*Asks:* 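My questions will all concern the structure given below.
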Amino acid sequence: VKQSPPALRYLDAALEDLDAKGLLRRRADPCAGAMPSFCSNDYLGLAERVIPAAEAQGAGASRLVSGERAIHGELERAVARWLGADAALLFTSGYAANVGLLSALAAADDLIVSDALNHASIIDGARLSRARVVVVPHLDIAAIAGALTAPRTGRAWVVTESYFSMDADGPDLSALREVCDAHGAALVVDEAHALGVLGPEGRGRCVEAGVRPDVLVGTFGKAFGASGAFVAGCETLTAWLWNRARSFVFSTGVSPVLAGAALRGFVASIEQPELRATTLARAEQLRRGLSALGIAPAGFGHIIPWVVGAPDRAMRVASQLRERGIPIAAIRPPSVPDGTARLRFTATARQTASDVDAVVRAVEAVLACEPR
Ligand SMILES: Cc1ncc(COP(=O)(O)O)c(C=O)c1O
């Protein structure tokens, strides 16, 4: 077992304590053999019939009980290796991952420093932990340092996304790592919208910055086209979550069907780098096209937000674009702060250059009949 990062080393002792009390749960080999399981919740024996292939069954129970399947470990090892992490653990969704991990790691006397625009799953996980939560202005490293400087009794956790999906921006991860190290805080980074697209080979903004977070969250429901999520880090971390993340322990294991789909999506993203290149080229083209119309899209990368301000204007512009054949939704508060309703375009590898041209022309036409 490799060494845990300093911020998580306390978990080694906590796991030893569980072990000494006979309460440690370890991974078992996937249930196999001729005898049907006697601890599955697949009460009607339907899982095998719903999709009758060896890999394609419901897990039937939590992985701690009888839900462990070979595909779980295969997918976990693949993503961990890809990210240069020691281990990874699957969750049924990114929401379940954030809620489970934050409530399992942070204790009541801890401090969680959270970016003001963090995803609802991070907010809910922080609330569930009962730790003191300090919400800092978006991307404000000085405010994070300030929050960490104040006296505290327990541990400190700095939680951020690497690429914010409504604003297409992200923190200076090297600076964040430095601040965390200087104050003995753990760094938790949710790479949900970055993985598969940003960074070298799509390995995300932490790899790009050469930063090793203590905890990294990724999802399979976005660039990898499937569903589910994972937490990557040291082996102590995943052993702790295996024992204490309630959304993992008390929930049916990820369906092998979905784990298989996630693995295929993940492998495709690696084997077909042209997909990522196309996505980024479309994004660049759309950013250029909108800029030429006098719209300055915020941020960088494959998400292209056009902040229009008032919710009714966002609704009107979206509906006029849809009338012109552009499938787009308006994003309004509370998904974004008041006064920043927007249209959020995303570039994908399925779009052609002429699709992007059509969007730019439609925006131009809508602008022509809009009061600026
Ligand atoms: C940053 C972030 N984390 C987690 C999630 C939740 O992921 P999932 O849709 O897999 O529950 C999202 C979803 O949009 C997200 O934006």
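Counting starts at 1 for both ligands and their atoms, following the listed order. Keep in mind the model is a prediction, meaning the values are calculated, not measured.
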*Asks:* Please state which protein non-hydrogen atom is closest to atom 16 (O) of ligand 1 and give its distance, to 0.1 Å?
*Replies:*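 For atom 16 (O) of ligand 1, the nearest protein heavy atom is His193 NE2, 2.7 Å.
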*Asks:* Hydrophobic cluster membership, with links at side-chain heavy-atom distances under 4.5 Å among I/L/V/M/F/W/Y: are Trp82 and Leu216 in one?
*Replies:*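 Trp82 and Leu216: one cluster.
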*Asks:* Is there a chain of hydrophobic side chains (I, L, V, M, F, W, Y, each step under 4.5 Å between heavy atoms) that links Val231 to Val99?
*Replies:* no
*Asks:* Could you tell me the separation between the CG atom of Leu173 and the CG atom of Leu187, rounded to the nearest 0.5 Å?
*Replies:* 7.0 Å
*Asks:* Pick out which of Asp169, Asn118, Asp167 makes a side chain to side chain donor-acceptor pair (under 3.5 Å) with His138.
*Replies:*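 Only one option passes, and that is Asp169.
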*Asks:* For the NE2 atom of His302 and the CG atom of Leu280, what is their distance to the nearest 0.5 Å?
*Replies:* 7.5 Å
*Asks:* Output the list of atoms in ligand 1 that are nearer than 4.0 Å to some heavy atom of Asn98, sorted by atom number.
*Replies:* 3 (N), 4 (C)
*Asks:* To the nearest 0.1 Å, how far is atom 12 (C) of ligand 1 from its closest protein heavy atom, and which atom is that?
*Replies:* His119 NE2, 3.3 Å
*Asks:* Just which atoms of ligand 1 are under 4.0 Å from any heavy atom in Ser93?
*Replies:*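 Result: 10 (O), 11 (O).
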*Asks:* Hey, which atoms in ligand 1 end up nearer than 4.0 Å to a heavy atom of Glu161?
*Replies:* 1 (C)
*Asks:* Please determine if Asp190 has a nitrogen or oxygen closer than 3.5 Å to a nitrogen or oxygen of ligand 1.
*Replies:*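 Yes; at least one N/O pair falls below 3.5 Å.
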*Asks:* Just need the protein heavy atom nearest to atom 6 (C) of ligand 1, so name the residue and atom and give the distance.
*Replies:* Tyr95 N, 3.5 Å
*Asks:* Look at the aromatic rings of Tyr163 and Phe300 and report parallel, tilted or perpendicular, splitting at 30° and 60°.
*Replies:* tilted
*Asks:* Out of all atoms in ligand 1, which are within 4.0 Å of some heavy atom of Gly94? Include the element for each.
*Replies:*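 Near Gly94, meaning under 4.0 Å from one of its heavy atoms, ligand 1 has 6 (C), 7 (O), 8 (P), 10 (O), 11 (O).
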*Asks:* Please list the nearest protein heavy atom to atom 14 (O) of ligand 1 with its residue and the distance rounded to 0.1 Å.
*Replies:* Lys222 NZ, 2.8 Å
*Asks:* CZ/Phe224 to CG/Leu75 distance, rounded to the nearest 0.5 angstrom?
*Replies:*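 Atom-to-atom, Phe224:CZ and Leu75:CG are 9.5 Å apart.
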*Asks:* Would you please determine whether Ser121 falls within less than 4.0 Å of ligand 1 on a heavy-atom basis?
*Replies:* yes
